[in-house]
2 protein chains.
Amino acid sequence: MPRVTDAYREARRDEIARAALRRLERNGVRDTSIADIVEESGLSTGAIYSHFSNKAELARYVAERFLLPRVDALEAAGRGGELVSPREALRRLLMVMGKEGLSPSLVVQFWGEAMVDPDLRAAMNRTVSQLRASLAAAVTPWAHTRAASADAAAALAAAAARSIAALAQGYIVHVAVFGPREVDEYIASATSVLES
Amino acid sequence: MPRVTDAYREARRDEIARAALRRLERNGVRDTSIADIVEESGLSTGAIYSHFSNKAELARYVAERFLLPRVDALEAAGRGGELVSPREALRRLLMVMGKEGLSPSLVVQFWGEAMVDPDLRAAMNRTVSQLRASLAAAVTPWAHTRAASADAAAALAAAAARSIAALAQGYIVHVAVFGPREVDEYIASATSVLES
DNA sequence: ACCTGAACACCGTTCAAGT
DNA sequence: ACCTGAACACCGTTCAAGT
């Protein structure tokens with residue numbers, strides 16, 4: 001298949017996904033129908049089904065394409081040798097999630113969907129794996145100050161990345177369910193519980 | 001209305017809710033239809049609609065009735081004067097959630113639903129308020145060892161309860177998305193991130 | 001008052017027919 | 001190859017009719 005066609009296909013998929021995302025952000029997963037996406041995109045039902053095999057695959061595409069916050073700056077800091085502690089990495093991740101990535105409400109809805117959609121679950125796990133890799137890179141210089149060998153440092157960075165992602169996940173649900181909350185205040189209060 | 005009728009109605013609602021819960025635990029919220037609940041309960045469509053005004057109200061009833069883990073033992077420990085630290089209260093809460101209450105998967109699905117269903121959201125917030133009150137009671141003796149006045153102790157206990165509930169929420173999503181994880185290991189690794 | 005189950009409006013998906 | 005939109009199976013909900 002010629003290159004232009006591939007590029008065209010991808011552009012079309014993206015166009016549909018962006019139309020879907022606008023409706024999803026406004027009305028949520030349950031209350032966004034294919035008819036809504038048809039209306040929002042200006043295409044026909046069949047056009048959408050010629051680019052995605054069903055609603056679940058479209059949702060998965062949206063999740064993969066737009067869910068991950070851009071943590072490039074965070075990762076660059078780590079690779080540049082800056083000493084970023086896990087706590088500081090968590091703080092920066094929560095800050096960047098507030099500015100980029102999907103709304104916490106939609107993320108929680110996608111998690112709910114993932115509970116009954118193995119493919120979506122797999123897609124979200126891949127996304128989180130990428131995030132963990134970025135976080136591990138970010139805290140690696142810090143890990144070297146705490147570990148004797150390079151192997152031990154890598155293991156420590158990976159474990160820290162896993163927990164940072166878990167705590168970030170907790171923050172997202174908390175904000176989605178109870179409304180906005182200051183990042184620093186949240187971290188401080190979680191710390192005081194765990195240190196008690 | 002005579003007492004027996006009220007009791008009968010409530011028993012019927014409970015019967016329907018339990019049938020619904022069995023299907024929900026098996027197939028999830030999205031894939032449990034009214035027809036499934038009709039089949040599971042042995043009643044008719046109309047019978048269900050004569051006890052719940054719609055599927056959302058039934059879901060809300062299930063959430064209110066079965067979502068909250070029984071934290072009585074935890075609360076009793078606090079009221080009995082036992083010194084339970086916030087960290088220990090979190091540990092006990094996570095342990096009891098693993099044994100009682102709904103599956104993490106279903107809880108996450110309900111949170112997702114709550115994002116587009118204000119009434120369900122309100123019901124879940126009420127449930128969490130009760131949980132927080134229990135947690136605050138549990139850590140009150142501890143709070144008194146850390147605060148100068150009774151008022152300061154109450155405020156400290158309330159703040160701790162809020163954060164314990166938030167961290168528990170984080171644990172639930174984490175387990176739902178990535179599978180079972182040891183409570184103590186989770187707490188230890190979250191602690192090491194926040195202390196770094 | 002509670003219950004039945006056929007009927008209705010709407011949803012996701014398919015597919016013969018067009019370009 | 002991509003697209004159209006009417007048709008189909010299924011879903012949540014209603015309601016005339018039964019007890």
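In the text below, chain A, chain B and the rest are named by the order of the sequence lines, each starting its count at 1. These numbers were taken from a predicted model, which means no experiment stands behind them.
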Taking pairing as Watson-Crick or G-U wobble with both contacts under 3.5 Å, can you name the mate of dG12(C), or confirm there isn't one? dC8(D)

For dG18(D), which nucleotide in any strand shown is its Watson-Crick or wobble partner with both distances under 3.5 Å? dC2(C)

Taking [atom1] from [X] and [atom2] from [N], how many angstroms apart are they, rounded to a whole number?
X: Leu43(A); N: dG5(D); atom1: CG; atom2: C1'; result: 13 Å
X: Glu10(B); N: dC2(C); atom1: CD; atom2: P; result: 12 Å
X: Ile48(A); N: dT4(D); atom1: CD1; atom2: P; result: 9 Å
X: Tyr49(B); N: dC15(D); atom1: OH; atom2: P; result: 13 Å
X: Asp117(A); N: dG12(C); atom1: CG; atom2: P; result: 15 Å
X: Phe52(A); N: dG12(C); atom1: CZ; atom2: P; result: 15 Å
X: Asn54(B); N: dC11(D); atom1: CG; atom2: P; result: 18 Å
X: Asp6(B); N: dC2(C); atom1: CG; atom2: C1'; result: 14 Å

If you only use heavy atoms from C-beta on, which nucleotide in [options] is closest to the side chain of [X]?
X: Lys55(B); options: dT13(D), dC3(C), dG12(C); value: dT13(D)
X: Ser50(B); options: dT13(D), dC2(C), dT14(C); value: dC2(C)
X: Tyr8(B); options: dC3(C), dG12(D), dC11(C); value: dC3(C)
X: Thr45(A); options: dT4(C), dG5(D), dC3(D); value: dG5(D)

Electrostatic pair Glu185(B)-Arg181(B), nearest N-O below 4.0 angstrom: yes

May I ask you to decide whether Arg121(A) forms a salt bridge with Glu113(A), counting only side-chain N to carboxylate O separations under 4.0 Å? no

Phosphate OP1/OP2 of [N] contacted by [X] side-chain N/O (<4.0 Å):
X: Arg30(B); N: dC11(D); answer: no
X: Arg9(B); N: dA1(C); answer: no
X: His51(A); N: dC3(D); answer: yes

Chi angles and distances behind the side-chain contact (heavy atoms from CB on, under 4.5 Å) call for Glu25(A), Ser103(A): CA-CA 7 Å; Glu25(A) 288 279 8; Ser103(A) 72; 3.0 Å; yes

Ring-plane angle category for Tyr171(B) and Tyr186(B), please: parallel below 30°, perpendicular beyond 60°, tilted otherwise. perpendicular

Assign each of Ile34(A) and Gly46(A) to its nearest nucleotide of DNA chain C by heavy atoms, then name whichever residue's nucleotide is nearer the 5' end. Ile34(A)

Taking Ile48(B) as the starting point, is it possible to reach Phe66(B) by hopping between hydrophobic residues whose side chains are less than 4.5 Å apart? yes

